[in-house]
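Just so we're on the same page: letters track the sequence lines, and every chain starts at 1. Remember, predicted model here, so these are calculated numbers, not experimental data.
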Protein chains: 2
Amino acid sequence: MPSSPSAGVTLADVAAAAGVSTATVSRVLSGNYPVAVRTRARVTAAVDELGYVMNANARALARSRASTIGIVVEDVVEPFFGYIARGVERRAAELGLACLIMASRGSKERELELVDLLRAHRAGGVILVGGSADDRGYRTKMAQRARALADEGGHLVLCGRPPLSDGVPTRSVSYDNEGGAFAITSHLLAHGHRRIAYVGGPDRLSTHTFRLAGHRRALEQHGVVWDDDLVHVGQFGAEFGHATLTALLREGLDATAVFAANDAVAVGVYEAAEEAGISIPGDLSVVGYDDVPVATQLRPRLSTVSVPLEELGRRAAELCVAEPGTLDTDATVGTHLVLRDSVAAPRTTGPLRA
Amino acid sequence: MPSSPSAGVTLADVAAAAGVSTATVSRVLSGNYPVAVRTRARVTAAVDELGYVMNANARALARSRASTIGIVVEDVVEPFFGYIARGVERRAAELGLACLIMASRGSKERELELVDLLRAHRAGGVILVGGSADDRGYRTKMAQRARALADEGGHLVLCGRPPLSDGVPTRSVSYDNEGGAFAITSHLLAHGHRRIAYVGGPDRLSTHTFRLAGHRRALEQHGVVWDDDLVHVGQFGAEFGHATLTALLREGLDATAVFAANDAVAVGVYEAAEEAGISIPGDLSVVGYDDVPVATQLRPRLSTVSVPLEELGRRAAELCVAEPGTLDTDATVGTHLVLRDSVAAPRTTGPLRA
DNA sequence: GATCAGATAGTAACCGCTTGCTATGGTCGA
DNA sequence: TCGACCATAGCAAGCGGTTACTATCTGATC
């Protein structure tokens, strides 16, 4: 194997150039030990004369902790994850941390693998974003990862998902899925809607189950009888929203409003309505969840639940490196309704069809 | 099953548990040296009994190259970057690489810093995404980084931006900004448009200048006289599109079509048109560039230039680790027109106003 | 003038893994 | 039976920093 002709500049090179020991150079670079002004000057001069950049791996090895945090999302392009990732990345940058990003594509097995991969990189914290599976084996395995991570000096940070079992060393920052769903459903109810179709994400995904729970609670509180047939569980995406509403419309939709469990689903619902010649909100009211940009791009603009996604990400990043006792390790940020133009009084005619 | 000793489990622990030397464990884990089947079995057993995960930093240090690549984008949530990032992340995952992501927020200074940060992490490759500044000092400094990176055994990969000067060791994968702009402008011309407003990104940003160049070439080829007043240079975002068209409409827009230099700008243009009560494409035709999802969410659907963003990202990831001679180190992927509903024949009345 | 504390700088032992080189045991052909 | 060869496994020297501990040089104190 041919070895690289000129390797990078090392601490030793800098030390030699500055006429000091590597310890001294290390110290001026870390800035955590007194170094005489003149010595420091010589060192910094040498550093940028040689264009030296510290080897982060060597430092991580010596300090036995990397200046890196990891974030696991389902999909990088989905705005829900994108905004959280942006918050994480920005706060991480402010804190001098690099940010490893990985996508699970919704696979829980892969998520577990990715956590291990991040552990391998000795990330100071691993952020798991979005709903989690409500699955026994999964929870056990993740709890085990959380413990291992803690043993290694890191933290498992749950972002927008409920904690694991008690006693499992995790930190978390989330928002109120149940409450937001309760509020937006109440909004629909206040407009007079009584039959509301719910179109939402994967079964057993916490985000979905909590939103559905809030929805249900609002209904019950208003004395509306629960109807299982109005609940459509599938995926958190435009595809599913489109397919579901299309199918519903084909067989006659006995509802006056749709609660799309997130804005992406609402996009699909809008498309299906458009194709079927159904007007929103005239014939059908629609609400979403998350308040990502598409909500304002849709026509009519979508009424939805605003979640401070970027803020969520920033908090998560902080939790990755916070000293114990410094921060609230299980925070919740608020959500609020954003009322736009997609809700009106229910129509009074019979079932809606394409 | 995996019991966790309180520090991290190390190679030595595994070696002890399996009754072999660390060298042997390292070898079975790397799989690049013959190890007897039974020994291998003992080792793998020990590995997962202890829940061992390799310390990636130590490995990177010993191998003097990390299994990590870096990607620098302007903004994580912008779909243009998001799709490229997705391609990078996915291909990286397939190649067993972790992916460090950082956002420059459009600052060239910050971009340079981030490259150094990524160098520090000994990333095998550093991917720079999106248009680059046409600035002498910047180019020089970046060229210097490229050389340093090459010396350290890595690669600077330019994704969607032109190469630096000759002789600078970079790899690149891009698409045809000029050609796509030429094509979409020709499309407008074919519909009879002669006065087309261009609304585009930051001055001196390569993406913008090439798109404008293609636009201009199409105009010239059709014998349309060039009018500087139709060119509006600012930012690549909805804000700018909105502000620009609003201003234009206020003073009377003497054009029948708008070439939004990317889809985000088109979003702003649509909004401004809507607010002004101007119909697209009846009163004004609009085209975009990139073909991100919003193009199909807009009404009317936006005609635009499709860029294989995810593919671009995948190629970039490959270039980060490709052995010399293996791959074309300066590839170009094709673009194509996606014609939808935002273009019609020009209106024949005078200037358009709010 | 000797002593001592404070400020700096140097020494060297790691951090956990890789890998060139060496050692060992068994198999074979002569 | 002996040396040549294989196939395996171990040894130990790094990789490039960090940092506990030690050494040196000052000026201040008595």
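Here dG16(C) presents its C1' atom at 15 Å from CZ of Arg119(A), a figure rounded to the nearest Å. If you measure from atom NE2 of His121(B) to atom P of dG17(D), you get 13 Å, rounded to the nearest angstrom. Here the P atom of nucleotide dG16(D) and the CD atom of Glu152(B) are 11 Å apart, to the nearest Å. Atom-to-atom, CG of Asn57(B) to C1' of dG17(D) comes out at 12 Å; the value is rounded to the nearest Å. Arg59(B) has its CZ atom 17 Å from the C1' atom of dG14(D), to the nearest Å. Taking atom CG on Leu61(A) and atom P on dG16(C), their separation rounds to 7 Å, with Å as the unit. Separating the CG atom of Leu11(A) from the P atom of dG10(C) is a distance of 13 Å, rounded to the nearest angstrom.
Applying the side-chain hydrogen bond (donor to acceptor under 3.5 Å, both in side chains) test to Asp330(B) and every residue at least two apart in sequence or in another chain returns Ser172(B). Residues passing the side-chain hydrogen bond (donor to acceptor under 3.5 Å, both in side chains) test with Glu111(B) are Tyr138(B), Arg161(B), sequence neighbours excluded. Asp116(B) pairs by the side-chain hydrogen bond (donor to acceptor under 3.5 Å, both in side chains) definition with Arg119(B), Arg145(B), not counting sequence neighbours. Considering only residues two or more places apart in sequence or on other chains, Arg59(A) meets the side-chain hydrogen bond (donor to acceptor under 3.5 Å, both in side chains) condition with Ser30(A). Take Ala66(A) and apply the side-chain contact (heavy atoms from CB on, under 4.5 Å) test, not counting sequence neighbours, and it matches Ala60(A), Thr68(A), Arg122(A), Asn57(B). Take Leu61(B) and apply the side-chain contact (heavy atoms from CB on, under 4.5 Å) test, not counting sequence neighbours, and it matches Asn55(A), Ala58(A), Leu61(A). For Arg86(B), the side-chain contact (heavy atoms from CB on, under 4.5 Å) partners at least two apart in sequence or on another chain are Asp75(A), Val77(A), Tyr83(B), Arg90(B), Glu310(B). Glu94(A) is linked by a side-chain contact (heavy atoms from CB on, under 4.5 Å) to Arg91(A), Arg314(A), counting only residues two or more places apart in sequence or in another chain.
Atom NZ of Lys141(B) has 12 or fewer heavy atoms from other residues, nucleotides or ligands within 6.0 Å.
Summary of the strand contacts: Ala62(B) and Ser21(B) both lie near DNA chain D, and taking for each the nucleotide with the nearest heavy atom, the more 5' one is attributed to Ser21(B).
Using a 4.0 Å cut-off on heavy atoms, the residues of residues 36-55 of chain A that approach DNA chain C are Ala36(A), Thr39(A), listed by number. A heavy atom closer than 4.0 Å to some atom of DNA chain C occurs in Ala23(A), Thr24(A), Arg27(A), Tyr33(A), Pro34(A), Val35(A), these being the qualifying members of residues 22-35 of chain A.
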**Request:** List the steps, then state whether side-chain contact (heavy atoms from CB on, under 4.5 Å) holds for Met142(B) with Leu128(B).
**Result:** CA-CA 11 Å; Met142(B) 193 55 88; Leu128(B) 261 25; 3.7 Å; yes

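When distances run from any side-chain atom of Val20(A) to the nucleotides dG16(C), dG10(D), dG10(C), the shortest one goes to dG10(C).
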Hey, can you pull the donor-acceptor pairs under 3.5 Å for the side chains in residues 97-104 of chain A, sequence neighbours left out?
{"from": "Ser104(A)", "atom 1": "OG", "to": "Val73(A)", "atom 2": "O", "distance (Å)": "3.4"}
{"from": "Ser104(A)", "atom 1": "OG", "to": "Gly106(A)", "atom 2": "N", "distance (Å)": "3.2"}

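Rounded to 10 degrees, the angle separating the terminal axes of the helix from dG1(C)-dC30(D) to dA30(C)-dT1(D) is 60°, with each axis obtained from five end pairs.
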